[in-house]
Asker: 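One structure follows; several queries about it will come next.
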Amino acid sequence: MAQNTVQFEDHDQQSIQYTTCYMCACRCGIKVTLENQNIRFIEGNRHHPTNQGVLCAKGSAGIMKQNSPAKLRQPLMRKPGTERGSGAFVPISWEAALDQLTNRLAHIRATDPDKLAFFTGRDQMQALTGLWAQQFGTLNWSAHGGFCSVNMAAGGNYMLPFSFWEFGNPDWDRTKYFMLWGVAEDHASNPIKIALEKLKRHGAKFVAINPARTGYQAIADEWVPIRPGTDGLLALSMIHVLLRQELFDWDFLTRYTNAPFLVIQAPGARDDGLIWRNDTGQPMIWDMRTEDFTDGMKGGTLPALLGEFTTPDGRKVKSVMSLMVEKYLAEEFSPEVASEKTGVPATTIERLALEMAQVAFQETIEVACEWTDWTGRRHDKFIGRPVSMYAMRGVSAHSNGFQSARAIHLLQVLLGTIDCPGGFCAKPPYPKPVPPPNAPAQHSAPNTSLKSSSLGFPTAPEDLVVDAEGKPKRIDKAFSWEAPLAIQGLLHMVITNATNYDPYRIDTLMLFMTNMAWNSSMNTKTIRNRLRAKDELGDYKIPFIVVSDAFHSEMVNFADLVLPDTTYLERHDTLSMLDRPISEIDAVCDSIRHPILPPNRDVRAWQEVLVDLAKRLKFPAFTHENGTPRYRDYADFIVRYERDPGIGFLAGWRGKDGTKPLRGEPNPRQWDAYVAHQSFFQYHLPENIRYYRFANQEYLEFAVEVGYLSKAEPMMMELYSEPLQRFRLAGMGLYDGPRPEDPADRERLTRYFDPLPFWYEPLEQQRVSEEDYPFFAINQRPMMMYHSWDSQNAWLRQIIAQNVLYMNRRRGQHLGIEDKSWVWVESHNGKIRVQVQLIEGCQEDTVWTWNAIGKQPGAWGLLPEAPEATHAFLMNHLISELLPEMEGERLFANADPMTGQAAWYDLRVKIYPAAPGETGVWPIFPTIQPLPEAPEPTDILRHHTHEPVNLKS
Ligand code: SF4
C-alpha cells in the first residue's frame, strides 16, 4: 500500500563536513550538516578518539554561536576624542588597522621588545603564539594557564614525567578504583562522561572529593565533602596511613623513582638537602648487593630504599624514602589531626587509603606482553595496579595547589599506579624528563628574536628571569623570586603590574580572547579602573590595548583597536603535537579545524593575522633573508614549518606523498589528507610501548625517533625535588648562586619550597580571620557552559541565565538564612548582594556559585535587560589579585608562591541577611553602547535553515 511520506530533511541540499569542536577544551570531533551555507545541525563524530560520537549541550549549540548577534563584524578603533571604556568605536579597514599596528610593533621591537605584552586566553594554539612572541623578542608572553590550572601542570611536571590536565589520563578500561579530586563538571566533559559510564559498567568504585556534589560527583559511589584548600593534607594523611601500614610498592619506588637516592644531611651547610652525587653528577644509592655506595642510574643494582649512611668523606646522608617516612609519620598528618582541617572524618581517611591499597596490591592485573626496561631487563608482562586518579582546578586554584598536586601524585606513586595498566597513564608526547629540560628565555634585545621560548622549567635560581639586582624582567613577574616556577606566566597580574609600572611601563597590551575586563580577572571593578587609568600627564598608563575576539565581550569595550576573529567553523586551526594535542593514552592523535563556512562579515582568523604581522615585521622564521615571506598564509605555514627536520605542527600524513606518519618532510596535500580523514590523525602505539614508558627502552627509542625526546634515557620520578631545594637554599642564604635580597622573598622560599610535598594554609587565609570570614567561597563552570562565551548562546542560556549562591541547608538554617532570601556576601576586598539557595550537596563551611553567568548590560549581543545582566552575579568582585597587605612588606600576588597560579579559590567570606527591602543583585554595571552596525540584540531561541515542516493534524 502506498504511503505518504513527509520530508523533514532535504538531503539533496545538504552536505557533511567533519571538524573539531571549540566550545570547550575537550576538542571533540564533530560532524556538521550544512544546508544553504548554514549549519543545519551538529553531531558527534563516532569515529573520533576523543568523544566517540558523544556530543554535549555545548557542542550541539555551536550552531547558535554561528548565528549570534554578538559576533564582531569589522575592525574597530576607539572613536577619536572618546575615553577608553566608553564603548564608542568607529570602523577601520583591515589594511589601516594592520598598518597602524605594524608601525607601532616595529617601533617597540626596534627599541625595547618587552614593551609589548602579549597574552592569550583560549590557548589552543600556544605553539603559534609562543613562536610569534619568541620571534618578536618579547619576554612578555603567556596564555591563561597561570589563571586556570598551572598548579596541575607544574605539580606533575616537577615530580612525574607527565601530569594531570591534558597530559595524562586514567586507563579507563582497566581501572577498578577511581578517585576524582576537585573536578568541576565542565572539565574534560565528554571524555570523562564516557569514562564514568565505563567505570559504572565495569563495577569500579568512583570516589569524588569535592566541596560541592554537582556534576560528576552526583553519580559517585562515594562523595567526600572536603573544605576547599585542604586536598593536599587529605592526600598526605592517606600517605601517613599507607606508610604506617607499610603498604607501598617497594619495587616501583626503587626502580623508577628517586626514593633510594641519598640526600645530604648537613643543616646550615651549602649542600644541605641536595642529592649526593658522584664525580660525573650521578645520584648515589646504597647497593644492598655489593653493600657499597654506587651510581643510582646504573642498572643491575639492588638499591636500599631506607637507610642512613656516612659517606667516605664523612657526610651524613639519608635516602629520600627515609626522609619521607620521618616526615609523613608525624602526628600532623595522622587522620585524626587531618580530619580537623579537612572536615573529612578520620575513619574515612583511613578507609579510603586502605581501600586503594587493597585494590592496588590485592587486585593486581597483568597484561601479557614482552617488553624491555632501560636496564636491558626483559619482562613478559606489564603489571597493573588498577587505581587511578584525576585532579583539576579545585586543587589547582589555591595558593597551596602546587604542593597539593605533588601530594596527590606522591600518593599515586606509593601505590605504583603510574603509567601502568589500570593506573594513571601518559598521553603522547608525554612522558618527558622531570622537569622538561627547557629553561625560560632570559634576555631580550632590540630587533632580536629570543633564543628560546619565554616559558620553560627553571631548575635553579640561575634560571630566573631577573636583572642583575634580582628585579623581575617580565611584566607579570613570572620566573622572579615571587613566582620562580611560573611555567605558564601570571595573566592575572599583567594589568595591575602594568598600571603600577611595576617593574616597568609597557607600551602595548595585546590580548586574544581573554575577558580581562570581566570574569577572567580577579577584582573585576578595580581592574576595569586600571584599564582606563591615566598618568599625571593625562596619558593612559597602558598606552595602547589591542583586543582580538570573535564576540563582543566586556573586554572589547576597553580596546583601542579591535581585531575581529572568525568563529571556529570559519578558519584553519590545529590541535598540534607541538602544543596541546588530543592524544589518548595508547595513541598519538592530533586534529584540525578547516573553514566549512565562509565568514559573512569583515573578519580574519587571529592565526592569519599573526602570520601576516610576522611577515610585515620580517620575523626570521617567517621571512627569507631577502625579506620575502616564507609562507603564503597560516595554512601554508602549518604545512611547511618544521621545528626540527621532519617535525611540524601536524603529525599525520607527512612525507612528500603523505605516506609517513609522525615524522617526515612536509606534505603539500596534508590539509586535504586531514579533511579526507574526518579532520583527525591517530597512530596507535604498539602494545609493547604502551606502559612504563618512562623506563621502557623501546618506547624511549621510539620517542627519540619521532622527536618527543632528545635522548633515550629513563625518566626518574622526583618524589624529592632537588630544584625546589636549590631555591630553598637560596632563601636560606646558603645557595652558591643568585639569592634574593628581600626578606619576604627569603621567608617564602625557605617556607614553601619544601622538596617533599607538604600542606600549608592558603596564603589569603593566613591573613584574614576565620572568625570574621567563616565561609569558603568557590565558583565553578557548569557542564553546559564554558567561560562567558557560552552564556550568550541562545540555546545554552535557556538552561542557566542567572545564578544563585548555593549554601548547605543545615548551616543556612542554623544561621537563620532562609531559602531564596537575599544576602550580602562580603570578603576583605568587597561585597555583593545575591540570592541564596539552600541545598544538601554542599560542604557545611563552603558556599559556591556558577562562574561567568553574570554579564555587563549590553555586552555579548544580549538585551540590556537580559537576566544575565540584571539577575546574575560574579564572585570575581570579592576576590583580590593581591594578598591583603602586611605592614612593612611589599604587595604580593594572590597566587601560589611557587608557580604564581591565581588563588581564586582561596576566598573567605561572611554572609548576612540583606535588610528588608534590599533585593536584587548588586553591583550592576552601566550599559555598554552597541557597536557600529551591530544587529539589534534579540532573544532568538531557535535556528532553522529552511521553513519547519509541520504535520497537519
Ligand atoms: S565536550 Fe562538548 S563542548 Fe567540549 S569539545 Fe566536546 S562537544 Fe565540544
Side-chain angles (χ1 to χ4, degrees), residues 16-33 39-68 121-125 144 148-149 165-166 169 172 180 183-198 214-216 219 390 392-393 427 513 550-551 567-571 573-576 579-584 589-594 596-597 678-680 682 780-800 850-853:
I16 286 171
Q17 295 278 0
Y18 292 87
T19 185
T20 308
C21 185
Y22 188 65
M23 298 287 285
C24 85
C26 292
R27 303 157 301 160
C28 298
I30 50 174
K31 179 179 171 188
V32 184
T33 298
I39 311 170
R40 178 73 183 136
F41 47 82
I42 300 176
E43 298 166 277
N45 178 358
R46 65 183 61 227
H47 302 116
H48 198 274
T50 304
N51 57 318
Q52 298 151 45
V54 175
L55 193 70
C56 78
K58 303 185 291 287
S60 56
I63 195 168
M64 293 310 288
K65 278 286 198 4
Q66 201 62 29
N67 290 286
S68 167
R122 298 200 67 175
D123 47 358
Q124 294 191 10
M125 50 164 191
H144 86 303
C148 178
S149 291
W165 208 339
E166 289 154 22
N169 242 1
W172 300 113
L180 186 70
V183 178
E185 59 200 52
D186 70 300
H187 182 77
S189 185
N190 282 344
I192 286 196
K193 280 184 264 172
I194 296 167
L196 292 180
E197 189 271 338
K198 267 187 193 166
T214 59
Y216 306 136
I219 59 159
Y390 197 73
M392 266 310 283
R393 200 171 304 112
K427 293 184 183 182
M513 227 165 170
F551 301 100
T567 70
Y568 66 105
L569 299 171
E570 298 167 333
R571 64 168 173 253
D573 209 349
T574 64
L575 292 312
S576 162
D579 198 337
R580 294 167 66 182
I582 58 160
S583 291
E584 294 293 313
C589 311
D590 63 16
S591 62
I592 62 152
R593 298 188 183 97
H594 61 111
I596 62 173
L597 286 168
Q678 303 189 348
S679 291
F680 68 93
Q682 191 171 22
Q780 57 178 331
R781 291 197 300 248
M783 191 174 279
M784 55 284 184
M785 281 189 187
Y786 188 71
H787 280 296
S788 40
W789 285 276
D790 287 335
S791 40
Q792 52 135 332
N793 186 297
W795 286 359
L796 300 175
R797 59 187 289 259
Q798 293 177 74
I799 306 172
I800 287 185
W850 297 121
N851 179 23
I853 304 295

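Along the sequence shown, residues carry numbers from 1. Indexing begins at 1, ligand by ligand and atom by atom, following the structure's order. Since the structure is predicted, the reported quantities are computational estimates derived from the model, not experimental observations.
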Asker: If I take atom CG from residue L55 and atom NE2 from residue H48, how far apart are they, to the nearest 0.5 angstrom?
Answerer: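 Between L55 CG and H48 NE2, I get 12.0 Å after rounding to 0.5 Å.
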Asker: Verify side-chain contact (heavy atoms from CB on, under 4.5 Å) between M23 and Y786, making sure each step is shown before the conclusion.
Answerer: CA-CA 7 Å; M23 298 287 285; Y786 188 71; over 6 Å; no
Asker: If you count the atoms of ligand 1 from 1 in the order shown, which ones are under 4.0 Å from a heavy atom of S189?
Answerer: 1 (S)
Asker: If the cut-off is 4.0 Å to any non-hydrogen atom of K58, which atoms of ligand 1 fall inside it?
Answerer: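 Numbered from 1, ligand 1 contributes 3 (S).
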Asker: What atoms of ligand 1 come within less than 4.0 Å of a heavy atom belonging to R27?
Answerer: 5 (S)
Asker: Just need the protein heavy atom nearest to atom 7 (S) of ligand 1, so name the residue and atom and give the distance.
Answerer: N190 ND2, 3.4 Å
Asker: Please find out if atom 8 (Fe) of ligand 1 and some N, O or S atom of C24 are separated by less than 2.8 Å.
Answerer: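 Coordinating: no.
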Asker: With a cut-off of 4.0 Å, which atoms of ligand 1 are near a heavy atom of C28?
Answerer: 1 (S), 5 (S), 6 (Fe), 7 (S)
Asker: Checking only N/O/S atoms, does C56 have one that is under 2.8 Å from atom 2 (Fe) of ligand 1?
Answerer: yes
Asker: Rounded to the nearest 0.5 Å, what's the gap from CG on N190 to CD on Q52? Could you check?
Answerer: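 The distance works out to 10.0 Å.
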Asker: Donor-acceptor check, side chain of Y568 to backbone of H594, threshold 3.5 angstrom: yes or no?
Answerer: no
Asker: Applying a strict 4.0 Å limit to heavy atoms, is L55 in contact with ligand 1?
Answerer: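 Yes, L55 has heavy atoms under 4.0 Å from ligand 1.
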Asker: Measure the CG-OG distance between N851 and S791 for me, rounded to the nearest 0.5 Å.
Answerer: 9.0 Å
Asker: Please determine which of R593, E166, R580, M125 meets the side chain to side chain contact (heavy atoms under 4.5 Å, CB included) test together with L575.
Answerer: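 Testing L575 for a side chain to side chain contact (heavy atoms under 4.5 Å, CB included) against R593, E166, R580, M125 leaves exactly one candidate, R593.
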Asker: Give the residue, atom name and distance (to 0.1 Å) of the protein heavy atom nearest atom 8 (Fe) of ligand 1.
Answerer: C21 SG, 2.3 Å
Asker: Show the atoms of ligand 1 that are less than 4.0 angstrom away from any heavy atom in G59.
Answerer: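 Ligand 1 atoms under the 4.0 Å threshold to G59: 2 (Fe), 3 (S), 7 (S), 8 (Fe).
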Asker: Just so I know, are the side chains of K65 and D790 near enough to count as touching, which here means a heavy-atom distance under 4.5 Å?
Answerer: yes
